[in-house]
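Residue numbers count from 1 along this sequence. Numbering of ligands and ligand atoms starts at 1, following listing order.
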Amino acid sequence: MTNKIRELFLLKQDLVFLNHGSFGACPKPVFEAYQAWQLKLERQPVAFLDQSRDIISNLKPVRIAVANELGASSEDLVGVTNATEGLNIVAHSLKLQPGDEILTINHEYGALEKTWELVTERSGAKVVEVEIPLPLVSKEQFVDALINAMTEKTKILFLSHISSPTALLFPIEDVVAEARKRGIISIIDGAHAPGLIDLNLDALGADFYSGNCHKWMMAPKGSAFLWARKQVQPLLEPLVVSHGWTAQSGGPEQQGIFGNSRFLDCFEIRGTRDPSAWLATQDAIKFAKLHNWSEKVKHADALARETAQTISNLTQLPLFSSPEFCAPQMIAIPLPECDVDNLKRRLYEEFNIEIPVFRWRGHCIVRISVQVYNTREEANCLVDALTKILNLGVKES
Ligand SMILES: Cc1ncc(COP(=O)(O)O)c(C=O)c1O
């Protein structure tokens with residue numbers, strides 16, 4: 001069967017790619033726009049990169065385009081290479097004392113757990129990890145667990161909007177609002193959220209939010225943003241100090257590169273680097289609009305949910321949440337006890353299926369991502385392969 005949408009992507013045609021969630025996939029026209037930026041850079045590097053020439057005016061429209069998508073002001077976000085970088089900037093900026101607590105949950109992404117490990121090692125603060133029990137079937141289960149764990153010592157709330165291992169869309173709004181009331185700084189790891197759910201960062205009202213554009217917005221790899229509420233922007237210090245940095249005490253007489261924004265000055269200029277992936281994010285946004293992506297993803301979401309339910313019926317293992325807490329298009333499906341590495345390898349080598357299979361806190365999990373380019377045949381291929389390898393639906397005598 002020809003698949004017109006799939007032909008718009010660079011993915012190998014015979015690959016059953018059910019893992020958009022890990023690193024995304026970039027459509028051809030967006031990749032071409034990315035390469036066009038790189039060529040432009042290389043043809044006249046000085047005009048392109050020198051701060052007194054094109055770079056400042058080139059960065060502005062991409063900030064505006066991304067901010068429009070995210071319900072934010074273009075003055076409140078900057079491009080970063082990935083969500084890990086954006087969240088590291090925040091984690092390393094905040095001043096913590098021994099005894100201070102960082103409240104988080106047991107569904108966080110490994111690289112960020114490590115980030116907090118380093119921050120706490122240096123500061124003497126500690127991480128308090130709340131368990132969100134599974135299956136997640138009510139908002140209260142999540143909200144109460146976190147609000148009950150907030151104490152005088154809680155200085156930071158750190159949460160994934162959509163979790164990596166369990167692909168749950170957490171109802172974070174009330175928890176963020178409660179944190180604000182108590183003077184707790186909220187930091188949201190939105191690595192998966194842009195392009196997957198409707199975001200309105202101003203309305204959400206967190207203090208800091210970082211998300212990837214290279215996953216579900218389909219920008220080239222290396223495109224992400226860090227958003228900061230205006231009032232807390234002065235708390236941030238760059239990980240890499242470059243020409244834009246000014247001491248907080250610099251005073252208004254210090255003329256910034258981006259007018260009066262220390263935030264933009266500190267983070268948009270980070271030494272010599274290739275900003276092409278970030279610049280091409282405008283083209284990813286245009287691509288999604290041109291192809292009416294927000295309508296098309298509805299089929300992809302339905303296929304993801306149907307496939308997850310089919311596998312759940314075969315394994316007789318319930319999904320990790322009721323439907324409202326499942327992220328769109330991406331579902332973590334529990335599997336019976338198995339050798340996860342061997343299963344992942346066999347899915348790839350024998351069935352050409354690229355999909356994450358892993359062990360998380362005692363659960364064996366396969367996490368399916370369904371993007372618009374995926375077909376029902378591909379989803380069926382996964383069901384058939386799992387059935388065969390794991391002997392699903394076959395009663396042991
Ligand atoms: C919840 C979460 N946070 C952070 C990241 C890190 O993303 P990146 O490697 O693009 O920084 C991921 C990656 O999948 C993720 O799932």
Enumerate the atoms of ligand 1 whose separation from the nearest heavy atom of [X] is less than 4.0 angstrom.
X      : answer
Ile162 : 1 (C)
Asn82  : 8 (P), 10 (O), 11 (O)
Ala83  : 11 (O)
Ala191 : 2 (C), 3 (N), 4 (C), 5 (C), 12 (C), 15 (C)
Ser160 : 1 (C)

So, are [X] and [Y] salt-bridged, with charged N and O less than 4.0 Å apart?
X      : Y      : value
Lys344 : Glu354 : yes
Glu85  : Arg273 : no
Asp76  : Arg229 : no

What about [X]: any of its N or O atoms under 3.5 Å from an N or O on ligand 1?
X      : value
Ser22  : no
His214 : yes
Leu112 : no
Glu85  : no

Rounded to the nearest 0.5 Å, the OG atom of Ser74 sits from the NZ atom of Lys60 at a distance of 7.0 Å

Interatomic distance, CZ@Phe158 vs CD1@Ile184, rounded to 0.5 Å, equals 15.5 Å

Under 4.0 angstrom from ligand 1, any heavy atom of [X]?
X      : value
Ala111 : no
Thr81  : no
Lys215 : yes

How far is [atom] from its nearest protein heavy atom, and which residue and atom is that?
atom                    : result
atom 16 (O) of ligand 1 : His192 NE2, 2.9 Å
atom 7 (O) of ligand 1  : Asn212 ND2, 3.3 Å
atom 8 (P) of ligand 1  : Thr84 OG1, 3.5 Å
atom 3 (N) of ligand 1  : Asp189 OD2, 2.6 Å

Given the rule in the side chain to side chain donor-acceptor pair (under 3.5 Å) test, do Gln329 and Trp216 qualify, once you have shown the distances and angles that lead to the verdict?
CA-CA 10 Å; Gln329 299 176 248; Trp216 297 93; over 6 Å; no

Using a cut-off of 6.0 Å, state whether more than 12 heavy atoms not belonging to Lys153 lie near its atom NZ.
no

Does ligand 1 have a heavy atom under 4.0 Å from the side chain of Leu87, from its backbone, from both, or from neither?
neither

[X]-[Y] side chain donor-acceptor pair, cut-off 3.5 Å:
X      : Y      : result
His107 : Thr166 : yes
Glu108 : Trp116 : no
Ser322 : Glu324 : yes
Asn3   : Glu7   : no

